[in-house]
A.B. asks: 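The following block contains the structure, expressed as structure tokens.
This chain uses plain numbering: 1 for the first residue, then up along the sequence.
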Amino acid sequence: MLNFDRSALAVDAAIERYGVAIAPSYIVESDVLRKRLVEVWVNTEPPTKKLFVSWSQEHVRQPDVHRVVDWIAAEFDKS
């Protein structure tokens, strides 16, 4: 039986331009370095938790993407 990590599947979808992904840094690190993914939440203060949201470069200026990121950030701040 095969078992797939949902974060890895979400990252693969983001790389293929199907949306954004929230994933642990160890999963996205190499894709960010190779510029297949772009970090969109960069906080200048040292984080107590980590959150990475990514989407394709061509969608960076889309307002809907920013609304989703704002919602994710708000939910993340609640925890």
A.B. asks: For residues 66-73, which side-chain donor-acceptor pairs fall under 3.5 Å, sequence neighbours excluded?
C.D. replies:
from	atom 1	to	atom 2	distance (Å)
H66	NE2	V60	O	2.5
R67	NH2	D64	OD1	2.1

A.B. asks: Kindly state each residue pair satisfying side-chain hydrogen bond (donor to acceptor under 3.5 Å, both in side chains) with at least one member in residues 8-23, sequence neighbours excluded.
C.D. replies: R17-E58
A.B. asks: Answer yes if I27 and I15 sit in the same cluster of Ile, Leu, Val, Met, Phe, Trp and Tyr residues linked by side chain heavy atoms under 4.5 Å apart, and no otherwise.
C.D. replies: yes
A.B. asks: To the closest 0.5 Å, what do you measure between CZ (R34) and CD (E29)?
C.D. replies: 11.5 Å
A.B. asks: For A14, which residues count as a side chain to side chain contact (heavy atoms under 4.5 Å, CB included) partner, sequence neighbours excluded?
C.D. replies: A21, L37, S54
A.B. asks: Just checking R61: does its CZ atom have more than 12 heavy atoms from other residues, nucleotides or ligands closer to it than 6.0 angstrom?
C.D. replies: no
A.B. asks: Check whether V11 and Y26 end up in the same hydrophobic cluster, where Ile, Leu, Val, Met, Phe, Trp and Tyr are linked by side-chain heavy atoms less than 4.5 Å apart.
C.D. replies: yes
